[in-house]
2 protein chains.
Amino acid sequence: MPPMSETQDRMRPAKAGRNGKSRVTMEAVGRLAGVSQVTVSRALSDPSKVSPKTLEKIREAIEVTGFVPNALAGALASSKSKLVTALVPSITNIVYSTMVNAFGEEMRREGYQILLSSTGVSLEEEEALIATHLSRRPDAVLLTGIHHSPQARKMLLGAGIPVVEVWDTTDSPIDLCVGFSHVAAGRAVADFAADAGYASAGTVSAGDERALRRKAAFADQFLRRTGSEVAQVDFDDAASLANGREGLRRLIDEQEFTRGVIFCSSDLLAHGVLIEAQARGLSTLRDIAVIGFGDQDFAPYTEPALTTVRVDRAALGFTAARALLDRFEGRNPPQPVTDLGFEIVRRRSA
Amino acid sequence: MPPMSETQDRMRPAKAGRNGKSRVTMEAVGRLAGVSQVTVSRALSDPSKVSPKTLEKIREAIEVTGFVPNALAGALASSKSKLVTALVPSITNIVYSTMVNAFGEEMRREGYQILLSSTGVSLEEEEALIATHLSRRPDAVLLTGIHHSPQARKMLLGAGIPVVEVWDTTDSPIDLCVGFSHVAAGRAVADFAADAGYASAGTVSAGDERALRRKAAFADQFLRRTGSEVAQVDFDDAASLANGREGLRRLIDEQEFTRGVIFCSSDLLAHGVLIEAQARGLSTLRDIAVIGFGDQDFAPYTEPALTTVRVDRAALGFTAARALLDRFEGRNPPQPVTDLGFEIVRRRSA
DNA sequence: TTGTACGCGTTATCAG
DNA sequence: CTGATAACGCGTACAA
């Protein structure tokens, strides 16, 4: 390789390592601007501490080199990664994605990035993910739900960073908690149904721990209020239209359900029940009433419009973000757990 | 602060820095296990190079300390972050989330984590995000679409890492590309409609560049085939049921559309059109036919069942992941761009 | 099989 | 306002 002059070397936009990755450092930018590496660092983190003239030279040098700071090195040195990791059961499920979207928007406004993973339903899966997430040295962690493996709790506690559990409430949060009571929701729906005069009820639920808790609370309360046992169909997998249809099928064929109100663990299932009812020629106003959960976009547009439980998912994410952000600034919330509640939205399906 | 003996110090599960974060290092684990830091490193990365006895001691030390490796430091030292960043227009849009979910699943199987952000529609927004993503020194980047700012291209190229653009095809990819042709899709739908005998057509589209290209191709081809101009309604914002309803309203009220087939840029819009048509007492079989795009879960269950264009979103994500993974192993694909195509699914709505 | 020495690219601290 | 210098925690030679 022929020797090259200083000037030629300076013209090269980036110095590539053996793996081909870009390697423009603050050092290089500084050389080009005629200042030291530290000055470049300062110019980026606190421009007011650098003279306008050198600031300009540095700006130019960054421009021509296409310098992109190495956040890894920065985080290592400062132990502030500006990274927050989030764990949700599923990223394709709209109820979680809208929550995490609101969370991410607010965090981003403050300069944080979100490392997102889906855990599925298993706690072991979650535990392993927590470990890899923690290895990125996030400044905080968002978890969905309040049930975590003992080892997971230990790791989280040991990390010494803020943790926010969303989508539920508890008396013993790991740290922060923002959500609503699933037991209260189930009960409220039962009261609503009893008040509306329904004498018998069924449920269709997905294989979700929180959904099951809502269902149990509903069944308990409905029995207490009306003296009538609740017919129940549970699925192991996620909610879907197909499962909703299948749910009504089983309720009728296997549980001898003939008429009454059906509480579904999600709007998607509820929609499926509605579709199946119509396919069977059942009257969704006289024979079968349906209550969903979530108040998703399509809920007002089903036929008939879906009565459901509204949860402000965006508020959940936003509030979780604010709680963490406040914590970063040293402010602690008056109480660690925030109950955002829910609201029964009465439409025509029940 | 009273002095404490060596033993007491060893009992402490973690050494907390001034910011309270956990600080168990390989060094500390090594001390506890009676070996050096490197040995711990080796035990983790390649256990076969460490004797079973010390391996066991190290395992124990890790157990009691709750050690979680610092991936930041590791990445800095090895310039391999095991991190891949992904940019999608929206994380709440199911079409993108299922794609990125499949992508993430496959990457995770190989030990990679995904840093996910949504860019919205603006290219400037995307450019800024690319910079912050690149600052995390990812091993690869996934981008949605083929339109990026010149500066963004420059940064990406300069990073010297694999880049995969999904959801479209092009002759000049930044690097890798996996998708399908939106022009071909629009044309195919027009041919389908013309073949089916529809004499007039309309479109309802969301404010998405690719949706607009599909629409334009559809309108061109439909005009060519039938000699009939296509009535068009475009929205600036994202697809929604509400926009679908509004779309049909405008088509009828403002564009004098009376009957024919309506090509929507997404199934969601198509569903909205169906709902509005029923609300207006129009026959969705005789007067108005509807074609969606995406073949989402609910498409077979709308009334009537939705005719639509199926895109294998999971295959998109999976194929993109495989392309990157192969590249990591030094294998290059025969050609940089992969066209996964699409398929028109004929149901009852058209 | 194990250890020493060094470097990765920043930030923090202290001088000047 | 600017510059040395020392961490930060780990991988990668190279040596023992």
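Proteins get letters first, then strands, A, B, ... in listed order; numbering begins at 1 in each. Just so you know, these numbers come straight off a predicted model, no measurement behind them.
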*Between A:Lys82 and A:Glu110, which heavy-atom pair has the shortest distance, and what is it?*
NZ-O, 3.5 Å

*Provide, to the nearest angstrom, the distance between the CD atom belonging to B:Glu27 and the P atom belonging to C:dC6.*
16 Å

*Can we say A:Glu56 and A:Lys53 salt-bridge, meaning some charged N sits less than 4.0 Å from an Asp/Glu carboxylate O?*
no

*Expressed in angstrom and rounded to an integer, what is the separation of A:Leu72 atom CG from D:dG11 atom C1'?*
13 Å

*Flag for B:Thr132-B:Ser135: side-chain donor and acceptor within less than 3.5 Å*: no

_By nearest atom, which of the nucleotides D:dC10, C:dT10, D:dG9 is closest to the B:Gln37 side chain?_
D:dC10

_Difference in axis direction between the ends of the helix from C:dT1-D:dA16 to C:dG16-D:dC1, five pairs, 10°_ = 30°

*Which pairs, with at least one residue in residues 96-109 of chain B and sequence neighbours excluded, count as a salt bridge (charged side-chain N to carboxylate O under 4.0 Å, His left out)?*
A:Glu125-B:Arg108, B:Glu105-B:Arg108, B:Glu106-B:Arg109, B:Glu106-B:Arg322

_Counterpart residues, ring-ring contact (aromatic ring centres under 6.0 Å, His included), relative to A:Tyr96 (two or more places apart)_ = A:Trp167

*Atom CG of A:Leu55 and atom C1' of D:dT2: how far apart are they, to the nearest Å?*
13 Å

*Report yes or no: does B:Glu165 contribute a side-chain atom to a donor-acceptor pair with the main-chain N or O of B:Ile174 at less than 3.5 Å?*
yes

*asked:* Could you tell me how far apart A:Leu76 (CG) and C:dG9 (C1') are, to the nearest whole angstrom?
replied: 9 Å

*The side chain of A:Thr39 lies closest to which of these nucleotides: D:dG3, D:dG11, C:dT4?*
D:dG3

*Rounding to a whole Å, what distance do you find between A:Arg136:CZ and D:dG9:C1'?*
15 Å

*Approximate separation, where rounding is to 0.5 Å, of B:His148 NE2 and B:Thr144 OG1*: 8.0 Å

*When rounded to the nearest 0.5 angstrom, what is the spacing between CG in B:Asp326 and CZ in B:Arg331?*
4.5 Å

_Contact under 4.0 Å: A:Ser78 side-chain N or O vs C:dT11 OP1/OP2_ = no

*Expressed in angstrom and rounded to an integer, what is the separation of B:Arg137 atom CZ from C:dC8 atom P?*
13 Å

_Proximal nucleotide (of C:dT10, D:dG3, C:dC8) relative to the A:Val35 side chain_ = D:dG3

*For DNA chain C, which residues in residues 45-54 of chain B have a heavy atom at a distance below 4.0 Å?*
B:Lys49, B:Val50, B:Ser51, B:Thr54

*asked:* On the side chain of B:Arg42, is there an atom forming a donor-acceptor pair with the base of C:dG3 - under 3.5 Å, no angle test?
replied: yes

_Nearest-Å distance for atom pair CE/P, residues B:Met26 and D:dC8_ = 16 Å

_Using the side-chain heavy atoms of B:Ala73, tell me which of these nucleotides is nearest: C:dA12, D:dC10, C:dG9._
D:dC10

_Under the ring-ring contact (aromatic ring centres under 6.0 Å, His included) test, residues paired with B:Tyr112 that sit two or more places apart_ = B:Phe328

_What's the closest nucleotide to the side chain of A:Val38 if the choices are C:dG3, C:dT10, D:dT5?_
D:dT5

*Within less than 4.0 Å of OP1 or OP2 of D:dG11, is there a side-chain N or O belonging to B:Ser41?*
yes

*asked:* Can you list everything that forms a salt bridge (charged side-chain N to carboxylate O under 4.0 Å, His left out) with B:Glu60? Sequence neighbours excluded, please.
replied: none

